[in-house]
Visitor: 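Before anything else, here's the structure in question.
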Amino acid sequence: MHFFRYRNGELYAEDVPVRELAEAYGTPLYIYSYSTLLRHFRAYDNAFDGVPHIICFALKANSNTSVLRLFAKNGGGADVVSGGEIFRALKAGIPPRKIVYAGVGKTEKEIRFALKSRILMFNVESESELMEIDRIAGVMKVKAPISLRVNPDIDPGTHPYIATGLKEHKFGIPIEAAFEYYKLAERLENTEIVGIHKHIGSQITKVSPFVDALKKTLLLVDELKEHGVDIRYFDIGGGLGITYKDEEPPVPRDLARSLLPLLRGRRLTIIMEPGRSIVGNAGILVTKVLYLKKGEEKDFVIVDAGMNDLIRPSFYGAYHHIQPVEKKRRKNILADIVGPICESGDFLGKEREMPDVKPREYLAVMSAGAYGFTMSSNYNSRPRAAEVMVKGKDFSLVNKRETYRDLVRGEVVPGFL
Ligand code: LLP
């Protein structure tokens, strides 16, 4: 459920016409709905009410400070994968004790920053990383709180680029080996075992992979307990899918219904790391039609947003629904919706049956709140888009459009030129 709806043929973001925002701030423009964000965040929070839990929003999906502030104000934590994300989370007011830090390539600088910030735990992905964290904690004379990211070898049934929990993947520690790694961690002087972590993939549209992965990992938790290793935090990862087209993914309540019976009665605090399912349908990308180009077999609708603004269609062949901001009765055309970038792979939609739109008219690319702006780039020296948040009738710019000057900020011309 989201709050982008037509009223009298005009698309609204909550109570504000999308056209008004596009005219005020220009395009391409990301628009986020406050009420949708809050509703999705609470759906998780309420679903897992039966057990102690922290909803650690995955910043990689959307790291805008105002989006994070909204979650922080409602008790949310953060799942981060870089020093930059720790910085953002803290800046937005997320308490360090609600920050969990994953990623296979944590650098010394990032580890130091995380230790100094006193985050809740490092989700450790390899033996060498474990040793490095222990070493750095020793130098800093602190104890590093750690959990091991285990790879349960469960197929999440999703796009190969976003599955993470199979043997072939670079993520986590094979579940068969994890016990030994825990034993090793126990012997380390500057490391304290506090948790366990798993994350098997993204855009998962069934509950069963979550259940299978949880069961498998709980066996390990029990085995560890028998051997005196007490796990306090169980981070069950993120990954719940959303509806882009016709998917019917479970909602957090469905997930909780299947998982809670396995978790109740254990002295565990459950951590979840949802990204997409909270922000995905809470955001749209508004773009303007620039030109129409008639082809032999199909038409091209050339718009002012490209793969640098939203890379998902080009990168994963992902589907995003594209609809006109003004709905009028008109004939349909078959068209590719393409951006201005000099790559054939620069498209937002291919072979779409869509209304016969006109230049200067606005289109809304739906479900763009997750992995939209965060994956955007300056390719072709295009300033990154502006971001706006709407709450009821109220709205505010939450990130200014980049300028040409921003593009060269930091560039230095050496004296020999
Ligand atoms: N936790 C970890 C350790 C992760 O690696 C991820 C996502 C999440 C949580 C959040 O997963 P979510 O709830 O959003 O599915 N760029 C891709 C998605 C990459 C996901 C990477 N990891 C896309 O646009 O589809």
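Numbering of ligands and ligand atoms starts at 1, following listing order.
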Visitor: Could a heavy atom of Ala370 be found less than 4.0 Å from some atom of ligand 1?
Guide: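 Ala370 does not count as a contact of ligand 1 under the 4.0 Å cut-off.
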Visitor: Inspect the surroundings of CZ in Arg360 and state if more than 12 heavy atoms from other residues, nucleotides or ligands are less than 6.0 Å away.
Guide: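 No, not enclosed.
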Visitor: Inspect the surroundings of NZ in Lys391 and state if more than 12 heavy atoms from other residues, nucleotides or ligands are less than 6.0 Å away.
Guide: no
Visitor: Side chains of Asn190 and Val142, heavy atoms from C-beta outward: is any pair under 4.5 Å?
Guide: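 In short, these two side chains do not touch, never coming nearer than 4.5 Å.
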Visitor: Decide, yes or no, whether a salt bridge links Lys183 with Glu186 under the criterion of side-chain N to carboxylate O below 4.0 Å.
Guide: yes
Visitor: For ligand 1, note which part of Ile204 has a heavy atom under 4.0 Å away: side chain, backbone, both or neither.
Guide: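 Contact part for Ile204 vs ligand 1: neither.
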Visitor: Side chain, backbone, both or neither: which applies to Tyr316 and ligand 1 if a contact is any heavy-atom pair less than 4.0 Å apart?
Guide: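 The answer is the side chain of Tyr316.
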Visitor: Could you say whether the N/O atoms of Arg149 and ligand 1 ever approach to under 3.5 Å?
Guide: no
Visitor: Run the numbers for me: atoms of ligand 1, each under 4.0 Å from some heavy atom of Ser202, listed by number.
Guide: 11 (O), 12 (P), 14 (O), 15 (O), 20 (C)
Visitor: Can the ring centres of Phe71 and Phe41 be said to be less than 6.0 Å apart?
Guide: yes
Visitor: Which one holds for Ala58 and ligand 1: side chain close, backbone close, both close, or neither close, with close meaning a heavy atom under 4.0 Å?
Guide: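 It is the side chain that touches ligand 1; the backbone stays farther off.
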Visitor: Output yes when the distance from some N or O of ligand 1 to some N or O of Gly239 is under 3.5 Å, and no in every other case.
Guide: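 Yes; the residue has a nitrogen or oxygen that sits under 3.5 Å from a nitrogen or oxygen of the ligand.
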Visitor: Which bit of Glu273 is near ligand 1, meaning a heavy atom under 4.0 Å away: side chain, backbone, both or neither?
Guide: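 Near ligand 1, Glu273 shows its backbone as well as its side chain.
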Visitor: Which atoms of ligand 1 sit under 4.0 Å from any heavy atom of Gly275?
Guide: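 Those atoms are 12 (P), 13 (O), 14 (O).
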Visitor: Between Asp304 and Arg382, is there a salt bridge with N-O shorter than 4.0 Å?
Guide: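 Salt bridge flag = no for Asp304 with Arg382.
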Visitor: Less than 4.5 Å apart, side chain to side chain, heavy atoms only: is that true for Asn378 and Asn308?
Guide: no
Visitor: Where does Arg276 meet ligand 1, judged by heavy-atom distances below 4.0 Å: at the side chain, the backbone, both, or neither?
Guide: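 Both of them.
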Visitor: Looking only at heavy atoms of Gly237, does any of them come nearer than 4.0 Å to an atom of ligand 1?
Guide: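 Not so, Gly237 does not reach ligand 1.
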Visitor: Would you mind listing which atoms of ligand 1 come within a distance below 4.0 Å of any non-hydrogen atom of Pro274?
Guide: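 In order of number, 13 (O).
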Visitor: Under 3.5 Å, is there a donor on one side chain and an acceptor on the other for Asn74 and Asp45?
Guide: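 No.
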